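First the structure, in the form of structure tokens, and then the observations on it.
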Amino acid sequence: MDESVTAAPAPRQDTAAAEGPRYDFRSAEPKWQREWDARGCFRVADVPTDGKPKYYVLEMFPYPSGKIHMGHVRNYTLGDVVARYKRARGHAVLHPMGWDAFGLPAENAARERKVHPAKWTYENIANMRAELKRMGLSLDWEREFATCQPEYYRHQQKLFLDFLQAGLVERKESWVNWDPVDGTVLANEQVIDGRGWRSGALVEKKQLSQWFLSITKYAPELLSALDGMDRWPERVRLMQANWIGRSEGARLRFALTAPEAGLDQVEVYTTRPDTLYGMSFLAIAPEHPLAAAVAARDPKAAEFVAECRRMGTSEAAIETAEKFGYDTGLRVAHPFIEGATYPVWIANFVLMEYGTGAIFGCPAHDQRDLDFARKYGLSVTPVVLPPGADAASFTIGREAYVGPGTAFNSGFLDGLDVDAAKRAAIEALEARGVGEGVVNWRLRDWGVSRQRYWGCPIPVIHCESCGVVPVPDDQLPVTLPEDVTFDRPGNPLDHHPTWKHVACPSCGKPARRETDTFDTFVDSSWYFARYCSPKADVPMVRAAVDHWMPVDQYIGGIEHAILHLLYSRFFTRAMKDTGHVSVEEPFAGLFTQGMVTHESYRTAAGPNGTWLYPEEVEKRADGSAVQRGSGDPVIVGRVEAMSKSKRNTIDPGAIIAKYGADTARWFILSDNPPERDMEWTEAGVAGAYRFTQRVFRMAEALQSTPAGPPPGMFGPAARTLRGITHKTVAAVTEALEGFAFNVAVARLYELANAIGEAEKAAGESAGAEAQAGLTWARHEAITMLARLVAPMMPHLAEEMHARLRPEQGMVADLPWPEPDPALLVADSVTIAVQVMGKLRGTVTVPPDSPADAVIAAAEAEPNVAKALEGKRIVKRVHVPNRIVNFVVAG
RNA sequence: GCCCGCCUGGCGGAAUGGUAGACGCAGCGGACUUAAAAUCCGCAGCCGUGAGGCGUGGGGGUUCGAGUCCCCCGGCGGGCACCA
């Protein structure tokens, strides 16, 4: 999904392993990967019959840019922890992987390197697949597909045709955002600050005939359903709600005092019908039909409209945001005030795409209208009186008043508050038949046409006699021609000598194929459903999607908070309405991970220096950094998102080769909460690596210990360790359930530390029976550690477990451990004792001791007694097993 | 401009309203070693010799008790952005 390409030179190969009984990840990781694969551990059926509860874990599939990057490693590690954990909890887990394989980089590669997009893409996929496999992910690889395969996109064409038939597709002549560098149309969402999201080129406005998916038909439910999506991050729901942008207001028609080219009225949309009496002008968008009509006879108007088009979304317009207008000389009548008329302006700040492309200007209560009115000397009449303000003296200066208040200077609305005035105004408009209350949406239909080769062909044929004719089912898929050239700008499909010439399926006459291809967001709007039955000869097998959908846990970057997720939600509804699925929402749970960041480095030479890769930098003991080899000073820059341009990238392949997949996974999980940005540091990885070695040594030390039934007697050390072991099971379980992977890691470090303590105690404890008990407890602890660590470091877990409990088989097949409830209860509890809320000491008592006993012990504690000396205790607060607080006087 | 989120040691962070700083990283001291690496043991919020005091961006409030709840302010980050 992410088209950025990460490339860094491979770092030098350090040998991290030294002497000693070490965990050899280099042999262990491939071994267990082969073992899981051979046993088909992670394969599930399209329609399972085993009766297990289903769980569908999905990470956003990658764009095959060539290499995996750290963002992928984080994403797929998070998903794998969930998948392995849920599997151990008895779920049948669907955990698939595939490729978001259409898109511009392949065409760019074709242009720059003369390699065919398909070849480039499939080679990248092969490379990235191998990299992912080295991570040891619990994926069902038999479900893999790439969206550029005709076996995939033929079903996308079928879905489109079904949507077309269901009235969910429209062909519209529309103003589009044209990217002159990429030579293609961009969705509004793909225009960032007036520039193409990929090329960075200034976007122009152009009128084209385009295919649109009618996402706006679903706007109300796409909005209302957000309320129930309690396993989505609040801020993503909010971003989507803002994007859909529901507003309530009125649509009303202003009569022109004299008709213009047959037009006798102008329709506007407003959220403030209560301010109609404050009107001072009417403004229309430069693209408005009335503007075109005026321009046809008025050269100055034509020039102004042309000027607006040039400025359009240009940088100058965006940055200065200055308002320009042209007075057409036309006038409109006020709907309420007999005889009053107002000028009609063409204004650059009125958007044709929103509402009706026309507004009425009320400068006193809208900042934009005020700016415009001040610039052109138009009247400013306040009609909403702020609470407490004086009607006689209230005036508007440079700031419009947009707050609450009561209507004044407003005829029949006078005295009403803003909400009541809105209702009254709408009633009056409706009574006169010139307007009505409406709900308006910011969301616009989804333009999916792209003038590109490397995408899914839109399966329609244009016939001069029959118009637009859908490609018949039996002629699907419409496949891309392979013999294309990229030596000139524009769409290679359009340049192809023969491809577009076909017979009309309806009348048989020569006709022309649609040469546009789909926006690649279409490909990713249903792939999650295809995974349920990836080999089927229909888009999806109903029984399979009904079983697996919705995705229980979807994981990916926040950058897809709006586009991909909203399109997928729309697509799922459209698929439901065309009989493909039963669900409305594709993703029951969503988790958005943070970015992976790293320090950046620059040479000190020159004005800005040269960016250096981390491998080229050597850190000195004094904290300074120098260039490896030359010893030249290096400027350590800020920690920021890994990017090729800043060269602060770390190649996952190199990390896995040096430390192993488990270490990389462990570090990425341990550093911080997964929703935040994490900083990749060499020291952090090294620490994670040390842990793998340490716990492996512990397992080796206890591997010859027979794992029989518990011995009859446990000494204090053994009892302590067992308590920690079982509390860790409970704590890690809770942490994993809550996506608190860094906390799970911390609890496992604690368990490892406790085993270390027990090891020391083993040398000291007296009595053979106590020794045996402690050894048994240590064996239990390290075995539990292996099993608890398994979702995060699966290879190490298997390697340890194979030594500790070989008779039990693989960890991957074992259920998740359950703590012994009896061991979760402590022998004693330490209770904090406060005097006036300040900690003065602690007392250790049996759990659930009666209040008076605890309070007595607390008062007796020497330091507490000292603090209470000479004071009168007015209140004794006792919270069982937690705290005692004395409130004193005097 | 509007909306949202965040702010805890040197750093990443932990903490159902109940012993703030778990755990890790970095650091310091020690053991082992001819030496280093690795490993192991120990110390470690700040001020103070100590008793003790101060501490979760700042200020106020609720509470026996606030990192946690409420109000105000500040800073940082993100989303939307001429949406009428």
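Computed from a predicted model, the values in this text were never measured in an experiment. Proteins come first, then strands; the chains are lettered A, B, ... in the order of their sequence lines, and each starts at number 1.
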Value in whole Å for how far the P atom of B/rC6 lies from CD of A/Glu234: 11 Å
A/Lys838 vs B/rG55: side-chain N/O to OP1/OP2 distance below 4.0 Å: no
Mind listing the N/O atom pairs, protein and nucleotides 22-26 of chain B, below 3.5 Å?
{"residue": "B/rA22", "atom": "O2'", "partner": "A/Glu750", "partner atom": "OE2", "Å": "2.3"}
{"residue": "B/rA22", "atom": "N3", "partner": "A/Arg747", "partner atom": "NH2", "Å": "3.2"}
{"residue": "B/rG24", "atom": "OP1", "partner": "A/Asn753", "partner atom": "ND2", "Å": "3.4"}
{"residue": "B/rC25", "atom": "OP1", "partner": "A/Arg690", "partner atom": "NH2", "Å": "2.8"}

With sequence neighbours excluded, residues passing ring-ring contact (aromatic ring centres under 6.0 Å, His included) with A/Trp680: A/Phe667
5'-to-3' dot-bracket of RNA chain B (Watson-Crick, G-U; under 3.5 angstrom; crossing pairs as [ ]; | other strand): (((((((..(((.....[....))).(((((.......))))).(((....)))..(((((..]....))))))))))))....
A/Ile883 vs A/Asn672, nearer the 5' end of RNA chain B by closest nucleotide: A/Asn672
Could you write out each protein N or O paired with an N or O of nucleotides 62-65 of chain B at a distance under 3.5 Å?
{"residue": "B/rC64", "atom": "O2'", "partner": "A/Asn885", "partner atom": "ND2", "Å": "2.9"}
{"residue": "B/rC64", "atom": "O2", "partner": "A/Asn885", "partner atom": "ND2", "Å": "2.8"}

Base B/rU16 paired with A/Arg882 side chain (donor-acceptor, <3.5 Å): yes
A/His365 (side chain) donor-acceptor with A/Val384 (main chain) under 3.5 angstrom: yes
Residue-phosphate contact under 4.0 Å: A/Asn863 side-chain N/O, B/rG52 OP1/OP2: yes
Nucleic acid footprint by protein, nucleotides 66-71 of chain B - heavy-atom cut-off 4.0 Å, B for base, S for sugar-phosphate alone: ------
OP1 or OP2 of B/rG13 under 4.0 Å from side-chain N/O of A/Arg676: yes
Selection residues 667-677 of chain A - residue pairs positive for side-chain hydrogen bond (donor to acceptor under 3.5 Å, both in side chains), sequence neighbours left out: A/Arg74-A/Asn672
